[in-house]
Protein chains: 2
Amino acid sequence: MNLTDAKKQFIQAWGTLGSEWGINRTMAQVHALLLISPNALCTEDIMEQLNVSRGNANMNLRELMNWTLINKELVPGDRKEYFIAVKDIWEIARIIARERKRREIEPVLKVLNGLKVIEGDQKDKEVKAFTETVNNLSNFVGKMDKSVDMMLKADENWFFGTILKMIK
Amino acid sequence: MNLTDAKKQFIQAWGTLGSEWGINRTMAQVHALLLISPNALCTEDIMEQLNVSRGNANMNLRELMNWTLINKELVPGDRKEYFIAVKDIWEIARIIARERKRREIEPVLKVLNGLKVIEGDQKDKEVKAFTETVNNLSNFVGKMDKSVDMMLKADENWFFGTILKMIK
DNA sequence: ATAAACTTTCAGAAATAATTGAAAGTTTAA
DNA sequence: TTAAACTTTCAATTATTTCTGAAAGTTTAT
């Protein structure tokens with residue numbers, strides 16, 4: 001396969017993955033494009049290569065900046081902004097884990113903890129079933145949260161080293 | 001807080017989490033409702049409690065059956081189908097992990113592996129950057145895949161026991 | 001100052017996804 | 001049979017998300 005087709009397939013695949021994750025498809029595609037670019041690209045480059053409008057390109061670049069998945073790069077003697085992606089996969093994984101924890105795990109944990117104590121007779125099976133499920137979930141999600149924290153602090157080799165060793 | 005409000009909040013929170021995951025909001029809400037119900041519910045119950053149409057209720061119940069997150073329960077002397085959720089949180093986690101692995105990790109891994117070898121001069125920086133990113137990603141996603149496999153085989157206490165011990 | 005170069009915003013348009021509800025299909029009891 | 005009870009389907013509608021592009025905003029060089 002040639003580079004041009006391979007790039008297209010990669011960008012396409014990354015975009016699909018993104019949307020299955022609840023991440024904007026174009027944002028994922030912009031990310032993919034920058035991931036495989038040896039040098040920084042400007043808004044125009046993105047617009048051309050992905051066939052998207054200026055507004056769309058701009059918005060998704062900002063969002064990727066918010067996630068800290070990409071950085072601005074200033075080219076001396078050029079007024080345009082250029083963007084370059086974080087290339088270290090473990091760093092990318094940590095950024096995504098951090099962001100998803102913040103958006104998904106933490107708010108749910110907060111709600112669950114707020115629902116732990118409810119009024120009513122604990123002998124009522126409705127009340128009992130509710131309390132039990134909420135407690136079990138809160139306990140489980142809490143452990144997930146802690147596990148992600150650990151991953152965020154850990155070093156890649158140690159993390160996968162330990163995890164994958166368990167498999168054997 | 002009283003049970004009725006607590007239920008509503010729980011269903012709402014679970015629905016939001018679902019849509020952040022790329023899972024149909026109503027499917028997540030039906031799941032939430034069944035999770036906290038001490039007994040099996042029928043389509044009518046779901047329609048009433050969530051204010052959704054018959055078609056919608058039916059489709060999402062089927063989808064939850066596909067995921068194996070809920071089961072049919074037959075009530076003797078009643079022709080209706082009743083549904084009851086898997087209540088064990090670890091079992092639920094495994095089902096979701098299995099399904100997301102199948103839908104997200106596996107297809108991407110397949111594409112990545114197909115892109116590992118491309119034509120062109122390895123000294124060309126475009127080619128080099130592409131190959132490097134694809135190889136790194138493929139390696140990383142492969143490890144994720146293996147890690148999920150391990151989790152699927154493991155027992156909850158052992159899994160979190162080991163993971164959380166690492167944190168200390 | 002001001003004009004060119006560049007970035008951001010945002011109302012409307014387009015695309016995508018979810019939902020409805022009635023009709024068609026299926027099963028069961030008598 | 002057949003008719004009632006129940007489930008499934010799907011075309012049309014509604015809701016939600018994403019995208020466009022032109023206008024407004026900002027920065028920089030002269």
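A note on names: the letters A, B, ... follow the listed sequences, proteins ahead of strands, and every chain is numbered from 1.
- Taking 4.5 Å as the limit, some side-chain heavy atom of E104(A) sits within range of a side-chain heavy atom of W21(B).
- If you check dT20(D), dT7(C), dT19(C) against the side chain of R62(A), the one that comes closest is dT7(C).
- For dT19(C), one of the phosphate oxygens OP1 or OP2 lies less than 4.0 angstrom from a side-chain nitrogen or oxygen of T26(B).
- Ring orientation note: the planes of F159(B) and W90(B) are tilted relative to one another, at an angle of 30° to 60°.
- The CD atom of E63(B) sits 15 Å away from the C1' atom of dT8(D) (whole-angstrom rounding).
- By the 30° and 60° cut-offs, the orientation of the rings of W14(A) relative to H31(A) is tilted.
- With distances taken from any side-chain atom of N56(B) to the nucleotides dT19(C), dC19(D), dT8(D), the minimum falls on dT19(C).
- Looking at the side chain of N24(B), the nearest of the listed nucleotides dT9(C), dA18(C), dC19(D) is dA18(C).
- In the interface, the side chain of R79(A) is paired with the base of dT27(D) through a donor and an acceptor atom under 3.5 Å apart.
- A cation-pi arrangement, defined by a distance under 6.0 Å to the six-membered ring centre and an angle within 45 degrees of its axis, is absent between R62(B) and W67(B).
- If you measure from atom CG of L74(A) to atom C1' of dT7(C), you get 14 Å, rounded to the nearest angstrom.
- Between the C1' atom of dT20(D) and the CD1 atom of I46(A) lies a distance of 17 Å, rounded to the nearest Å.
- The separation between K80(A) atom NZ and dT28(D) atom P is 15 Å, rounded to whole Å.
- Atom CG in N66(A) sits about 14 Å away from atom C1' in dT8(C), given to the nearest Å.
- For D78(B), the side-chain atoms get nearest to dC6(D) when compared with the rest of dC6(D), dT18(D), dT19(C).
- Residue N58(B) has its side chain nearest to dT9(D) when only dT9(D), dT8(C), dC19(D) are considered.
- The CZ-P distance, from R54(A) to dA11(C), rounds to 20 Å in whole Å.
- Atom pair M59(A):CE and dA22(D):P shows a separation of 18 Å (rounding to whole Å applied).
- No side-chain N or O of T26(B) forms a donor-acceptor pair with one of N60(B) less than 3.5 Å apart.
- To the nearest angstrom, C1' of dT20(C) lies 15 Å from CG of L50(B).
- When the nucleotides dG21(C), dT7(D), dT7(C) are ranked by their closest atom to the side chain of E81(A), dT7(C) comes out on top.
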